[in-house]
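Worksheet: one structure, shown below.
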Amino acid sequence: MLDAFRAVRDSLVDAVRITPGRFATYSALQLLLALLPGAQVVLIRALVEGGDRWGPLLGLTVVVGAMYPLTQVANAVGQRMMLRLRLALRVELAEVAARLSPSRLAAPEVVRDLEASQAATHPMSDVAGKPVQVLSAAATAVVLCVAIASINLLSGLLVLAALVPTVLAFTLISRMEATGWPRVAEHERKAAYATEQLIQQRPGTELAVLGSGWKVAGLVADSRAAATGVLDRMVRTAMWYELGAAFVTVVLFGGALMALLALGGSSAGAVAAVAGTISGLNAIRQCGYAFGSIVTAAPQAAIYRRFVRSMPAAGRRTVVRRVDSVALDNVTYRYPGAVQPTLRGMCVEARRGEMVALVGVNGAGKSTAINLLVGSLRPDDGRVLIDGVDAAAMVEEERLAHFGLLVQEFGRFEFTLRDAVALGAPEEVVDGEVRAALGGTFAAELPLDTQLGQQWGGTGISGGQWQRLALARIRLRDAGIWILDEPTSAIDAEAEQEIFDELRRTSAARITIVVSHRAWTLRAMDRIYVVDDGHVVQQGTYQQLMTQSEGRFARLFAAQNQ
Ligand SMILES: Nc1ncnc2c1ncn2[C@@H]1O[C@H](COP(=O)(O)OP(=O)(O)OP(=O)(O)O)[C@@H](O)[C@H]1O
């Protein structure tokens, strides 16, 4: 209930802040509509009782005639208010998602909350109009009750009591939905993921070639069936609650009508009260429904607000261009749930102007070391030093500003060439800078407006070309520390040579750390750290390491040097 109260408060604040005009118009129309059924009772009574008939008749014509168009206009204004609110919530969520740090992105609950928040924007934008609807429908019931009570007190009270079963039923339905929807969302998320594998170009093509897409379609079907099962049960249970409420409501209305007949009042009053009682039924249903929507949206709204508020405000967007040294100082790290530490007393150091490599077999711990350097993982023991300062003291954003990181799973951003490269820098960049970053690549002469990605009708480019664009982003960023995790894994030998030559030529003003599995790229390195089982087992230049014929390095690269 506290969640529902918060959802109402927050959505009203949002409505007043984001779309005050529409909110005010909607509220005024709803409150006006609330008065009409009560006015109807009074006018019918006056009409049937005799005396001046023209006045009540005219009034009744206006009231009955205005009800439908006013309802339509109120609905349209309500929908336009909802659209504006939904837009604002979605934009806010995209801005918040853009501030997710690598460490937060790595947490599964963050991605789950983000998806739940995304789904919440729909019911949340709907909630803003609901308190007004509840108030308006409750006002209708009260006005009707007063109008009917003036004719027959017991009937009036019974009409008012008819609010209770509907509100109760919707409260129960909402509680059930609050637990049901997250389960539906989880199944839907799995189904959406599997569907994406079928339709996205790379996995879709792989599955089509393998001829095994039908197996993924089976996973989609399982997840969708599970979601439908939960929804089905919710709809069935809701139906029984609603039927129960409807039955009790009918009994109460029947009681109200019988009380009118049994306990008298004038026949004119009875006719008016019967008409009012019938229109009261609608108002009460609407009140229950609006109330139920608020309670249903409340848990989702709570997730959204918690998620948005947990995100730090947008910080300064800068890149640190000069860094003199960076080091892992005796770092130990164990992944949550793992038995053994992945890194054990790891020591690595790099100074400005140096090119340093990390090498080792798959699973040796190289990527883990990189994640510890940039701060997406925090050491259990030991320190990460940037310019001699313990990086633990820095906030993640400040720390990331020191790095240009090319990860193995680099992004293939299917935007225009300009936008895809400009993502390298957090600040706005001019075309000249984008062009400079693309220098020497396949895209050097392409128009910057070139759309990338065939699915948008754009240019299809190869895996190696995507990697060159990812490298262009790092060039554009020009941070003090470049970390390149297998930067040429998809690139042909000739282009690879050019890239490493260029890295060497331009390395004086920065620190360059490379992870590579190719022996010849290591010849240019000032120092190579050989990582095995989570710690450094050898270090030196290529020549020095090769002369240690029994060492790990020589054995690792023996085949490549034959
Ligand atoms: N999120 C994780 N949770 C638990 N264990 C992990 C996680 N990520 C990596 N590991 C484990 O840590 C070890 C080191 O992985 P890491 O990715 O650092 O190796 P790597 O040297 O970069 O390998 P590669 O050359 O294949 O990229 C592996 O045994 C891996 O299974």
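Remember, it's 1-based here, ligands and their atoms both numbered in the order they're listed. Throughout, residue positions are numbered sequentially from 1 according to the sequence presented.
Which parts of ligand 1 touch His517 is read off a 4.0 Å heavy-atom cut-off, strictly below it: atoms 25 (O). Near Gly365, meaning under 4.0 Å from one of its heavy atoms, ligand 1 places the atoms 14 (C), 18 (O), 19 (O), 20 (P), 21 (O). Against a heavy-atom cut-off of under 4.0 Å, Thr342 is close to the following atoms of ligand 1: 12 (O), 13 (C), 14 (C).
Contact check for Thr450 versus Thr416: no side-chain heavy atoms found under the 4.5 Å cut-off. Put simply, the side chain of Phe307 reaches to within 4.5 Å of the side chain of Val110, judged on heavy atoms.
Atom 6 (C) of ligand 1 lies below 4.0 Å from at least one non-hydrogen atom of the protein. Within a 4.0 Å radius of atom 31 (O) of ligand 1, the protein contributes no heavy atom.
The neighbour count for Glu109 CD, taken as heavy atoms of other residues, nucleotides or ligands under 6.0 Å away, is above 12. Within a 6.0 Å sphere centred on CD of Glu445, heavy atoms belonging to other residues, nucleotides or ligands number 12 at most.
Residue Lys366 holds the heavy atom nearest to atom 25 (O) of ligand 1 of all those in Glu486, Gln340, Lys366.
At least one N/O-N/O distance between Ala364 and ligand 1 falls below 3.5 Å.
Between Ser103 and Glu396, the side chains place a donor N or O and an acceptor N or O closer than 3.5 Å (distance only, hydrogens not considered). Of the N and O atoms on the side chains of Thr121 and Arg90, at least one donor lies less than 3.5 Å from an acceptor on the other residue. Ser367 and Asp485 share a donor-acceptor pair across their side chains, judged by distance under 3.5 Å alone.
Among all protein heavy atoms, the one lying closest to atom 11 (C) of ligand 1 is Tyr335 CE1, 3.9 Å. Looking only at protein heavy atoms, the nearest one to atom 17 (O) of ligand 1 is Ser367 CB, 3.6 Å. Scanning the protein heavy atoms around atom 23 (O) of ligand 1, the nearest turns out to be Gly363 N, 2.8 Å. For atom 27 (O) of ligand 1, the closest non-hydrogen atom on the protein side is Gln408 NE2, 3.1 Å. Looking only at protein heavy atoms, the nearest one to atom 26 (O) of ligand 1 is Asn362 ND2, 3.0 Å.
Of all non-hydrogen atoms in Ala116 and Ile303, the two that sit nearest each other are CB-CG2, 4.0 Å.
Applying the ring pair (Phe, Tyr, Trp, His ring centres under 6.0 Å) test to every pair with at least one member in residues 329-384, sequence neighbours left out, gives these pairs: Tyr333-Tyr335.
Contacts of Thr368 with ligand 1, taken as heavy-atom pairs under 4.0 Å, involve both backbone and side chain.
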